[in-house]
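Notes for the one structure printed next.
Remember, predicted model here, so these are calculated numbers, not experimental data. First the proteins, then the strands, lettered A, B, ... as listed; each starts at 1.
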Protein chains: 2
Amino acid sequence: MTPQPKNSAIKGIPEPTLRRLPNYCQVLHRLAREGVARVSCTQIGNELNLDPTQVRKDLALAGAVGRPKVGYETEALFQQMEDFLGWNNARDAVLVGVGSLGTALLGYRPFNRYGVNIVAAFDTNPMKQGSEVHGIPVFPLLKLPNLLERMKVHIGILTVPAEQAQPVCDLMIMTGIRALWNFAPTALTVPDGIIVQNENLFNSLGVLSSKLTALLRGEDKKDRARQARRQETTS
Amino acid sequence: MTPQPKNSAIKGIPEPTLRRLPNYCQVLHRLAREGVARVSCTQIGNELNLDPTQVRKDLALAGAVGRPKVGYETEALFQQMEDFLGWNNARDAVLVGVGSLGTALLGYRPFNRYGVNIVAAFDTNPMKQGSEVHGIPVFPLLKLPNLLERMKVHIGILTVPAEQAQPVCDLMIMTGIRALWNFAPTALTVPDGIIVQNENLFNSLGVLSSKLTALLRGEDKKDRARQARRQETTS
DNA sequence: TAGATTGTTAATCGATTAACAATC
DNA sequence: TAGATTGTTAATCGATTAACAATC
């Protein structure tokens, strides 16, 4: 019927856009709280150092409609972005791997306001089982299927060592997890239709380190050149 | 003199490439340990699900040279990648903000093998000062300039609440920090020549949540359609 | 009305992928 | 030698930025 399938939804939205949506949410939330009733893309762009055209395109992709000359209704736009992200009511999640990073994430309260509500944690270490970490119960990993059977949990957070990531991931998918937030430094193999978001600190460190190394090397070289020149003039 | 300034180094290397280098390192390290003397881009690509041409281009950008038909010397290539990243001897770093995330990072041993050696942590909370977290001493934030004056530390890790990120960042830069790894959910304003690597979990959650929300909504719609059809046929 | 702002189409830019000659 | 693999140039693809008409 419709010539352009404009409803193909998420598949068409570029990932860079999806990554920026939280920033818009944050700015809109603040502006709404400050009582700013209407907002333009130029304003938002200034706050976030983004091209206003890009802001407009991003908002449009997430379904926002503004009025020429007027802009967008701040509060309504915020609601719409939150709704698009699914952040208006947080989804339940489980976390596997109660090491130092896992523990830190369990204690991170703001997740509740960003769509993720961790209801249970799992670990293979008997020392950790049965306890509570930041108020969240820790169970033996073997209990995972049992619990997921009873609760409709769609998000799994992986904070296990690299070697255990794939088997734990398989187990999670088998028991109904649809989206994985993977903090283990390994690529996961998953069937079609499963969402994987990798959060690999080492990749970021690659950018940081190589830039810093290049910067410092460049300075060293300049220093040496300067010294060489000085040597020349004094000799 | 030189028509193409081929030495402009880091500026020309795309960030996606820099992000992939750690993955190459990891694979090369493993292969070298397994005694594989030579390796081809096709092999590396298979391990990481990357196009072999892309692997070749990335390696070339980091300065690697291979031999046609033969490939690259595994060990030498690994060394070269490590060297390019500056990971062969870790640089000292300080961390500010000993909350749950900061504590987790302080306890994360592998950083030492990935170019980052955290030598001290800082916090404004007197409860935390004077103690040691995972063997790393925690000082009052006011002592930061003093310590950085004596030690040449180039990397600063920011794990403070959003509101404090900018002032702490300013302080760090003033005392000689050149590269910031920012875990606070705010954009930092820094002078030219300072490297900032943002690590904002909420941006990633934006991708995860919106994809999951779209997926589940799509299924809901299908379910409803199916139910409607069933209703029709039974009526 | 005049000017700012949206919505949308076109141009640019950069990264990925394909093609192919050189070579061990 | 023959075939695999590098190095490099060209083609494709996708995201960002620019241009401009519509409009409140």
With a 4.5 Å cut-off on side-chain heavy atoms, are [Y] and [X] touching?
X	Y	result
E219(B)	R178(A)	yes
L77(B)	M81(B)	yes
L208(B)	I195(A)	yes
Y72(B)	R56(B)	yes

State which residues pass side chain to side chain contact (heavy atoms under 4.5 Å, CB included) with [X]; sequence neighbours excluded, sorted by chain then number.
X	result
A90(A)	N117(A)
A60(B)	none
T74(B)	L28(B), L31(B), A32(B), V36(B), V39(B)

When the distance from [atom1] of [X] to [atom2] of [N] is rounded to whole Å, what number comes out?
X	N	atom1	atom2	answer
L77(B)	dT5(D)	CG	P	15 Å
R56(B)	dT8(D)	CZ	P	11 Å
Q43(B)	dA4(D)	CD	P	14 Å

Exercise for the section: Look at K57(A) together with D51(A) and state whether they make a salt bridge at an N to O cut-off of under 4.0 Å. Expected result: no
Problem - Residues R113(B) and E82(B) bridged, charged N to O under 4.0 Å - result: no
Handout entry: Residues that F78(B) engages under ring pair (Phe, Tyr, Trp, His ring centres under 6.0 Å), provided they are two or more places apart
Key = H29(B)
Practice task
Enumerate, in order of first residue number, the stems that involve DNA chain D, defined as 3 or more consecutive Watson-Crick or G-U wobble pairs with both distances under 3.5 Å.
Solution key: C:3-24 with D:3-24
Tell me, which of [range] have any heavy atom that sits under 4.0 Å from an atom in DNA chain C?
range	result
residues 60-73 of chain A	V65(A), G66(A), R67(A), P68(A), K69(A), G71(A), Y72(A)
residues 194-203 of chain B	none
residues 30-38 of chain B	none

Handout entry: Expected output: side-chain T175(A) to main-chain M172(A) donor-acceptor under 3.5 Å
Key = yes
Exercise for the section: If a protein heavy atom is under 4.0 Å from the base, mark B; if only from the sugar-phosphate, S; if neither, -; do that for nucleotides 11-18 of chain D going 5' to 3'. Expected result: ----SSBB
Problem - Plane angle bin for F202(B) and F111(A) - parallel if under 30°, tilted between 30 and 60°, otherwise perpendicular - result: perpendicular
Which residue pairs pass the side-chain hydrogen bond (donor to acceptor under 3.5 Å, both in side chains) test with at least one member in [range], sequence neighbours excluded?
range	value
residues 36-46 of chain B	R38(B)-E73(B)
residues 191-201 of chain A	W181(A)-E199(A), N182(A)-N198(A), E199(A)-S204(B)
residues 157-174 of chain A	Q166(A)-D170(A)

